[in-house]
Amino acid sequence: MKIVSFYDIDASLFNKEFEVEFFTNSSSDADVVIIGIDSIFDFEENKSKVCKDKFASIAVIDDESDYDAFKHLGIDAWIKAKDISQINNIINLVNKRLLS
């Protein structure tokens, strides 16, 4: 599974079976994208180039105001920044429920 992150996250947090790439202009074929409040516009501008036709999005939020910013963008899952060490659990859940 390919993950493209628009969010600054420590790559060592991801399980080895995931192919993780941080967003660049050449990113493509993402099954899952990870975005943060500071990367909403980069994601919106590039999602058609970066993502597969069927993809899932995970938003990293710091507080309730971040959720309000994301709620109209069709985000599939949310994780609090303080819980980012659990990112693999969210990815696996999204994979089972939305991508399988």
- Message: Are Ile9 and Ile75 linked, directly or through intermediate hydrophobic residues, by side-chain heavy-atom contacts shorter than 4.5 Å (ILVMFWY only)?
- Response: no
- Are any of the side-chain heavy atoms of Val32 and Asn95 separated by less than 4.5 Å? no
- Taking the side chain from Asp62 and the backbone from Ala81, do they hold a donor-acceptor pair closer than 3.5 Å? no
- Note on the structure: All heavy atoms of Asn92 vs all of Phe18, minimum pair found to be OD1-CZ, 3.4 Å
- Audit row: Ile3, Glu21, side chain to side chain contact (heavy atoms under 4.5 Å, CB included) steps and yes/no: CA-CA 6 Å; Ile3 300 166; Glu21 182 177 305; over 6 Å; no
- Item | Side chain proximity check, Glu19 to Met1, heavy atoms < 4.5 angstrom | no
- Query: What's the shortest heavy-atom distance between Leu73 and Ile40, and which atoms?
  - Reply: CD1-CG2, 3.5 Å
- Item | For Ser27 against Thr24, the heavy-atom pair lying closest together | OG-N, 2.9 Å
- Quick one: pull up OG in Ser26 and NZ in Lys49 and give me the separation to the nearest 0.5 Å. 10.5 Å
- On a heavy-atom basis, the closest approach of Asn46 and Asp42 is ND2-O, 2.7 Å
- Query: At their closest point, which heavy atom of Phe70 faces which heavy atom of Ile35, and how far apart are they?
  - Reply: CE2-CD1, 3.5 Å
- Message: Going by side-chain contact (heavy atoms from CB on, under 4.5 Å), name the residues that satisfy it together with Asp8, two or more places apart in sequence or in a different chain.
- Response: none
- Query: Would Tyr7 and Phe55 show up in the same hydrophobic cluster when neighbours are defined by side-chain heavy atoms closer than 4.5 Å?
  - Reply: no
- Message: Parallel, tilted or perpendicular, judged at 30° and 60°: which one describes the rings of Phe6 and Phe23?
- Response: parallel
- Heavy-atom side-chain proximity of Phe43 to Val50 below 4.5 angstrom: no
- Shared ILVMFWY cluster between Val33 and Ile90, side chains joined below 4.5 angstrom? no
- Message: How close do Ala56 and Leu98 get, counting heavy atoms only, and between which atoms?
- Response: CB-CD1, 4.3 Å
- Item | Leu93, Val94, Ile87 screened by side-chain contact (heavy atoms from CB on, under 4.5 Å) with Ile91, the one that passes | Ile87
- Item | Side-chain touch Ile79/Ile84, heavy atoms, less than 4.5 angstrom | yes
- Note on the structure: residues 73-85 vs side chain to side chain donor-acceptor pair (under 3.5 Å), sequence neighbours excluded, gives Ser57-Asp76
- Query: With no hydrogens and no angle check, is any side-chain donor or acceptor of Asn15 less than 3.5 Å from a backbone partner on Glu17?
  - Reply: no
- Query: Is Phe22 close to Val4 at the side-chain level, that is, under 4.5 Å between some pair of heavy atoms?
  - Reply: no
- Message: Does atom CD (Glu64) have a neighbourhood of more than 12 heavy atoms from anything else shown, all under 6.0 Å?
- Response: no
